[in-house]
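The figures that follow rest on heavy atoms only: side chains count, while hydrogens, waters and symmetry mates do not.
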Amino acid sequence: MKTRNHTSKPLPQVPILTPTPSWLQHYSPLLQQARIFSNQDQEQEALELALADYKRTPSLNALEQAFDSYLSLKQTENAKKLLKDMKQLGASETFLNLQKTVYYIVLEKFKSAKLYLNKVSSNQKELDTQHRCYFHFAQGFLSFTTDHPQTFPFTQALRYDYLLMPSELSMTHVLRGLIRLENEAYEAAYQDAQSALHAYTPTNDDAVYYLRALSGYYAGHCTHIFQDIEHCLKSKDPQITKRMKQTLRELRQLLPNSPVIIDADFSKALRHYFLMLRKI
């Protein structure tokens, strides 16, 4: 594999988290930094570190990080070339089919992605725990984008939440939450929104705020509803469509003018406090 010369400028650096979280533990020091950059949507820096790590010690981990970074940077041809290098390093056919699934998802060629995902499905036991997690996420994502949404694959992926980058973990909760919202499972959808924001505060994905606003309203959790609505209405994220913004405007009309909201969380705390007073 051809790699660029990294001697002309220093490699990007970012502090390694202490203690090292589980989603970084089985990576080399350079790849740990690459993963942190990738989690922060700084894919160019992640790519440089992954290529440098591969140049020092060729590994599937380095190639996979470079592959993911190329895809995020929309350099799909460069990503495709790495599949041959993965095969030369001894990657299994099942592993390669999973990478091809991701490749075609990014290209939005969902029929091809499903074809390769089905191949992975019949041999998924060959995958290690982390890649089984990615397999289930890909299942869920394809079901979400092809009008047959299912929460089960995301729930399966969340069994391995300790291996997901915070941004990946957040996205998994958001997608499951949006399906739950559609199915009117409002409390569960709200909890997914909260879990998503607890895992990672998005910088360019405002669907989580839309999810929390809508599910929070119907589930009786209104603490953040005004700020979530305003955030989404000002959003330039293409995921927040005109139709979604109109839904939020209509929701805002249903809310009281007073900024004081007594929601289910407040009521629960008040009830607990009242019961404690009675025991005194």
Side-chain angles (χ1 to χ4, degrees), residues 1 23 26-27 31 34-35 37-44 46-47 49-51 53-54 59-146 148-150 152-154 156-161 163-176 200 204-205 239:
M1 183 186 77
W23 58 277
H26 69 282
Y27 291 98
L31 288 181
R35 295 284 285 173
F37 276 124
S38 189
N39 183 61
Q40 298 170 347
D41 294 325
Q42 294 176 263
E43 293 295 349
Q44 186 59 49
L47 175 62
L49 289 167
L51 294 178
D53 192 76
Y54 180 81
S59 70
L60 282 176
N61 279 341
L63 284 179
E64 188 174 23
Q65 178 61 60
F67 179 81
D68 290 342
S69 293
Y70 273 135
L71 289 178
S72 295
L73 292 166
K74 308 300 181 185
Q75 298 180 29
T76 53
E77 285 304 309
N78 286 335
K80 188 176 182 180
K81 291 174 185 176
L82 295 187
L83 294 172
K84 292 181 179 179
D85 297 292
M86 292 179 184
K87 189 171 184 177
Q88 289 177 357
L89 274 184
S92 69
E93 198 65 28
T94 305
F95 176 91
L96 290 171
N97 285 334
L98 182 58
Q99 305 308 315
K100 291 173 185 176
T101 301
V102 175
Y103 175 79
Y104 284 111
I105 285 175
V106 170
L107 290 181
E108 297 185 2
K109 295 183 178 180
F110 299 128
K111 286 186 178 179
S112 296
K114 273 192 171 182
L115 176 66
Y116 283 106
L117 189 69
N118 288 338
K119 292 181 180 180
V120 177
S121 181
S122 58
N123 296 289
Q124 61 178 287
K125 290 183 180 179
E126 296 178 6
L127 297 172
D128 60 22
T129 305
Q130 182 175 28
H131 291 93
R132 205 172 302 132
C133 175
Y134 292 157
F135 162 72
H136 289 303
F137 178 82
Q139 274 186 317
F141 185 84
L142 284 173
S143 76
F144 185 86
T145 55
T146 53
H148 297 287
Q150 303 172 41
F152 181 72
F154 294 117
Q156 289 294 91
L158 287 168
R159 290 173 56 196
Y160 315 110
D161 58 355
L163 295 174
L164 290 168
M165 289 194 301
S167 58
E168 295 170 334
L169 178 58
S170 178
M171 186 185 300
T172 305
H173 277 293
V174 169
L175 293 178
R176 187 175 70 171
Y200 183 75
N204 59 355
D205 183 353
Q239 292 189 80

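- Listed for the Asn97 side chain is no donor-acceptor partner under 3.5 Å among the backbone atoms of Val120.
- Contact record, Arg35 with Leu163: NH2-O, 4.3 Å, taken as the closest heavy-atom pair.
- When all heavy atoms of Phe154 and Gly140 are compared, the closest pair comes out as CZ-C, 3.2 Å.
- The shortest non-hydrogen separation linking Ala34 to Leu49 is N-CD1, 3.7 Å.
- Among all heavy-atom pairs drawn from Tyr160 and His136, the shortest one is CE1-CD2, 4.3 Å.
- No donor-acceptor distance shorter than 3.5 angstrom exists from the side chain of Ser38 to the backbone of Ala46, with no hydrogens or angles considered.
- Residues Phe95 and Glu64 are in side-chain contact: their nearest non-hydrogen atoms beyond the backbone lie under 4.5 Å apart.
- A 4.5 Å side-chain heavy-atom check between Asn39 and Trp23 finds at least one atom pair inside the cut-off.
- In this structure, the side chains of Phe137 and Met171 come closer than 4.5 Å at one or more pairs of heavy atoms.
- For the atom pair Asn123 CG and Ser92 OG, the distance stands at 8.5 Å (nearest 0.5 Å).
- Atoms NZ and CG, from Lys87 and Leu63 in turn, are 15.0 Å apart once rounded to the nearest 0.5 Å.
- To the nearest 0.5 Å, atoms CD (Gln65) and CG (Leu47) are separated by 8.5 Å.
- To the nearest 0.5 Å, atoms CG (Leu158) and CG (Leu169) are separated by 6.5 Å.
- Expressed to the nearest 0.5 Å, how far CD of Gln42 lies from OG of Ser69 amounts to 11.0 Å.
- Of all heavy-atom pairs between Ser59 and Tyr54, the closest is N-CD1, 3.7 Å.
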Walk me through it: do Gln139 and Phe152 pass the test side chain to side chain contact (heavy atoms under 4.5 Å, CB included)? CA-CA 9 Å; Gln139 274 186 317; Phe152 181 72; over 6 Å; no
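- Atom CG of residue Leu71 and atom OH of residue Tyr103 lie 8.0 Å apart, to the nearest 0.5 angstrom.
- Shown are Arg132, His131, Gln130; of these, the side-chain hydrogen bond (donor to acceptor under 3.5 Å, both in side chains) with Tyr134 is made only by Gln130.
- Residue-environment remark: NZ (Lys119) exceeds the threshold of 12 foreign heavy atoms within 6.0 Å.
- A donor-acceptor pair under 3.5 Å is formed between the side chain of Thr172 and the backbone N or O of Glu168.
- Taking all atoms of both residues into account, the shortest heavy-atom contact from Asn61 to His26 is ND2-O, 3.9 Å.
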